Amino acid sequence: MVVLMVCVLVSSVGAAADWSAVEEADVIVVGAGFAGMVAAVEAADTGARVVLFEKTTRTGGSVVIAGGSLSGANAMMQYEAGITHDSAEAFYADIFRLGRGKHDPQLAWTHVRNAGLAVDYMDKLGVDFGDRQPGNSAYDPFDIDRQYMAEDGGLGYYYVLDAEINKRIERGDIQLFLSTEVVDLLQDKTGRVVGVTAVDAETEESQDYTAPATILATGGYAANMELIQRYNYENALTAALPHATGDGYVMAEKIGAGFANMEYLPAYPGSIPLPDSDYRHSVSAQVVNYPGAIWVNHYGQRMSSEDGLTVTQRQDVWANAPANTVFILLDSRIRAENESIVSGRDWEYFDGLIDDGVVQVADTIEELAEKLGIASSGLVETVVRYNGFVDAGEDTDFGRADLAYALEEAPFYGFKTYPYVLLTKGGPTMNTRAQLLDTDGKIIWGVYQTGELVGGANIGGHGSVGGLAHTINVVWGRISGQNAAEYALMQRQ
Ligand SMILES: Cc1cc2nc3c(=O)[nH]c(=O)nc-3n(C[C@H](O)[C@H](O)[C@H](O)COP(=O)(O)OP(=O)(O)OC[C@H]3O[C@@H](n4cnc5c(N)ncnc54)[C@H](O)[C@@H]3O)c2cc1C
């Protein structure tokens, strides 16, 4: 049964639809981030009456603080730039290479076939792509330039989508409820999803809302340390916005969805945990070819070269370190001759970290190990061996090229770092129509998904594919919106 709850309808154009949205919704979209906004627009344009629930007080989710990349083959901007030799096949080959073959082939193929169109879609909506020159990824590079940057970063996408949502609110095709958190999916006796339970943040009232189709667009779980510890890292910090609590994962699990690639999460290396930071990332150590400094684990052992690594290789060091903890060590000469090892901060800031007990200082390597809580004999052995490599001009353990500094001038400095996450990469299993699948691979009828929730690794494998997260929002926002609407309208007949 449908219950109409007293709820503040928020439309930035101030016009409520004349149909009783909650009673007659065809499609419920949960989450009004980039992905949910595209899905809502697309479902409405396919003829559905759409209700969009958003738990915070605003639309946009993470994209308002994000960079501006999208990626796709055969976008109009590529043709304009004279790049005519790209193809879905070439993009797929790049995903295979960059993602180490861990993607779902059907989902990846669907994605690459639609990604160029998704770029064109945002282009036609009026996103400003600046000089419109396709570029390459800031991560591990594509074989062909197929990344496009919005002039205003993520906000560039948000502005045009906000306008599209408002037009449809004005037309009465979409109703948007802010401060309304979906806490559960409703299922009928056959397991089909037939709506949601939502809670109004103001009144704390909980009500059920029914609709033939529901699209989950709740984003990732990068701000939910419990889920990160369950699936990915014993220790990590986060730079994600607080809304990213993985609600869609919890709801999908409850209705029996399967999951894939949950173990994969490419976090950024070198985040320095500060006292009372409540898992928030704020400062990082410089970890890209910083002169002299070495990285060790709890046993005092080096784990890789500290220079010449690809983005993915660097991420893997932190992912594979015991307790995801990497200690960074330097000596006084390195400090005296280089800019601060804390990114974007000076040595004075570094001294502040010493006062706060974040950075340890010692006159000997043994003492430094004790202060850092790592194996003293292991660290002494490592430093002696490393200094030998510097003398010999060759690192026979890991092939580090920069051997300009031995660690020999006291005082020595050391501090602990963790990886930090921006977004998550695994997700509930789905088919190419964006329908959720259960653990046996069977369709769970009535529920679709899009956005970060679908899992970038299910599309792009275990690697960083430039612009993938945003392009997923568009490709799978459109696919989920169209399919959910068609399914819902069919149910109504
Ligand atoms: C700093 C930063 C930079 C980035 N830069 C890039 C980049 O350059 N390129 C790129 O491709 N990607 C980038 N990303 C990743 C990308 O922005 C996100 O993966 C993507 O925007 C996620 O979109 P989404 O709509 O799926 O989720 P979100 O943006 O997280 O939106 C989900 C929405 O759902 C709402 N919600 C959640 N649970 C519920 C619930 N239970 N009920 C109701 N509402 C709910 C949330 O409040 C939120 O508004 C970046 C991310 C960050 C944090």
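Everything numeric here is computed off the predicted structure, so don't read it as measured data. Atom set for the values below is all heavy atoms of this structure, side chains included, hydrogens, waters and symmetry mates excluded. As the structure lists them, so they are numbered: ligands from 1, and atoms in each ligand from 1.
By the 3.5 Å distance cut-off applied to N or O atoms, Glu181 is not counted among the residues near ligand 1. Between Glu54 and ligand 1, at least one pair of N/O atoms sits closer than 3.5 Å. Note: an N/O pair closer than 3.5 Å links His243 and ligand 1 by distance alone. For ligand 1, none of its N or O atoms has an N or O atom of Thr450 under 3.5 Å away. In terms of polar-atom proximity, defined here as any N/O pair under 3.5 Å, Phe34 does make such a contact with ligand 1. Looking at ligand 1, you'll find an N or O of Ala35 within less than 3.5 Å of one of its N or O atoms. On a distance-only criterion, His470 and ligand 1 share at least one N/O pair closer than 3.5 Å. Distances between N or O atoms of Ala66 and those of ligand 1 include no value under 3.5 Å. Considering backbone and side-chain atoms alike, Leu422 places every N or O at 3.5 Å or more from each N or O of ligand 1.
Close to ligand 1: Ser69, with a non-hydrogen atom less than 4.0 angstrom away. The shortest separation from a heavy atom of Gly467 to ligand 1 is under 4.0 Å, placing the residue in contact. The closest approach between any non-hydrogen atom of Thr180 and ligand 1 is below 4.0 Å. Judged by the shortest distance from any of its heavy atoms, Ile65 lies inside the 4.0 Å radius around the atoms of ligand 1.
Proximity to Val182 (heavy-atom distance under 4.0 Å) selects the following atoms of ligand 1: 40 (C), 41 (N), 42 (N), 43 (C). For ligand 1 and Gly61, the ligand atoms under 4.0 Å from any heavy atom of the residue are 29 (O), 31 (O), 48 (C), 49 (O). Within ligand 1, the atoms closer than 4.0 Å to a non-hydrogen atom of Phe53 are 43 (C), 44 (N), numbered from 1 in the order shown. Taking every non-hydrogen atom of Thr56 and a distance limit under 4.0 Å, the qualifying atoms of ligand 1 come out as 47 (O). Close approach of ligand 1 to Asn473 is summarised as follows: ligand atoms under 4.0 Å from at least one heavy atom of the residue are 20 (C), 21 (O), 22 (C), 23 (O), 24 (P), 26 (O). Atoms of ligand 1 found under 4.0 Å from any heavy atom of Ser62 (numbered from 1 in listed order, with element): 28 (P), 29 (O), 30 (O). The Gly451 neighbourhood of ligand 1 comprises atoms 26 (O), with distances under 4.0 Å to a heavy atom of that residue. Against a heavy-atom cut-off of under 4.0 Å, Gly219 is close to the following atoms of ligand 1: 26 (O), 27 (O), 30 (O), 32 (C).
Side-chain contact between Leu437 and Lys442 is absent, with no heavy atoms from C-beta onward closer than 4.5 Å. At least one side-chain heavy atom of Phe350 sits under 4.5 Å from a side-chain heavy atom of Ile341. Residues Asn232 and Tyr264 are not in side-chain contact: their nearest non-hydrogen atoms beyond the backbone lie 4.5 Å or more apart. Side-chain contact between Phe91 and Ile144: absent, with no pair of heavy atoms (C-beta onward) separated by less than 4.5 Å.
Among all protein heavy atoms, the one lying closest to atom 5 (N) of ligand 1 is Gly67 N, 3.0 Å. The single protein non-hydrogen atom nearest to atom 37 (C) of ligand 1 is Thr218 O, 3.3 Å, given as residue, atom name and distance. Looking only at protein heavy atoms, the nearest one to atom 31 (O) of ligand 1 is Gly33 CA, 3.5 Å. Among protein heavy atoms, the minimum distance from atom 34 (O) of ligand 1 is reached at Gly31 CA, 3.1 Å. Protein heavy atom closest to atom 19 (O) of ligand 1, with residue, atom name and distance, is Glu452 OE1, 2.6 Å. Nearest protein heavy-atom contact of atom 44 (N) of ligand 1 is Lys55 N, 3.1 Å.
Ring-plane geometry between Trp445 and Tyr487 is classed as parallel, the angle between the planes falling under 30 degrees on a 0 to 90 degree scale with a further cut at 60.
For the ring pair (Phe, Tyr, Trp, His ring centres under 6.0 Å) test with Trp295, the passing option among Phe415, Tyr290, Trp318 is Trp318; the others fail.
Proximity of Ala217 to ligand 1, defined as any heavy-atom pair under 4.0 Å, is confined to the backbone N, CA, C and O atoms. With a heavy-atom cut-off of 4.0 Å, Asp247 touches ligand 1 through its side chain alone.
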### Message
Apply side chain to side chain contact (heavy atoms under 4.5 Å, CB included) to residues Glu181 and Phe53 and explain how you reach the verdict.
### Response
CA-CA 7 Å; Glu181 179 173 356; Phe53 286 125; over 6 Å; no

### Task
Kindly indicate, with the supporting measurements, whether the criterion salt bridge (Lys or Arg N to Asp or Glu O under 4.0 Å) is fulfilled by Asp140 and Arg97.
CA-CA 10 Å; Asp140 301 330; Arg97 175 176 57 83; over 6 Å; no

### Query
Are Lys167 and Glu164 close enough, and set up right, to give a salt bridge (Lys or Arg N to Asp or Glu O under 4.0 Å), and what steps lead you there?
CA-CA 5 Å; Lys167 273 188 227 162; Glu164 295 303 316; 2.9 Å; yes

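The pair Arg171-Asp173 counts as a salt bridge, with a side-chain nitrogen and a carboxylate oxygen less than 4.0 angstrom apart. Under a 4.0 Å N-O distance rule, the pair Asp184/Lys254 qualifies as a salt bridge.
Under the rule for a side-chain contact (heavy atoms from CB on, under 4.5 Å), the partners of Pro212 that lie at least two apart in sequence or sit in another chain are Ala488, Gln491, Arg492.
Both tests hold for Arg146 against Phe142: distance to the six-membered ring centre under 6.0 Å, angle to the ring axis within 45°.
Residues Gln313 and Gly308 approach most closely at OE1-O, 4.2 Å, considering heavy atoms.
Applying the side-chain hydrogen bond (donor to acceptor under 3.5 Å, both in side chains) test to pairs two or more places apart or on separate chains, those with a residue in residues 104-119 are His111-Trp476.
Aromatic ring centres of His281 and Tyr418: separated by at least 6.0 Å.
Within 6.0 Å of NZ on Lys55 lie more than 12 heavy atoms contributed by other residues, nucleotides or ligands.
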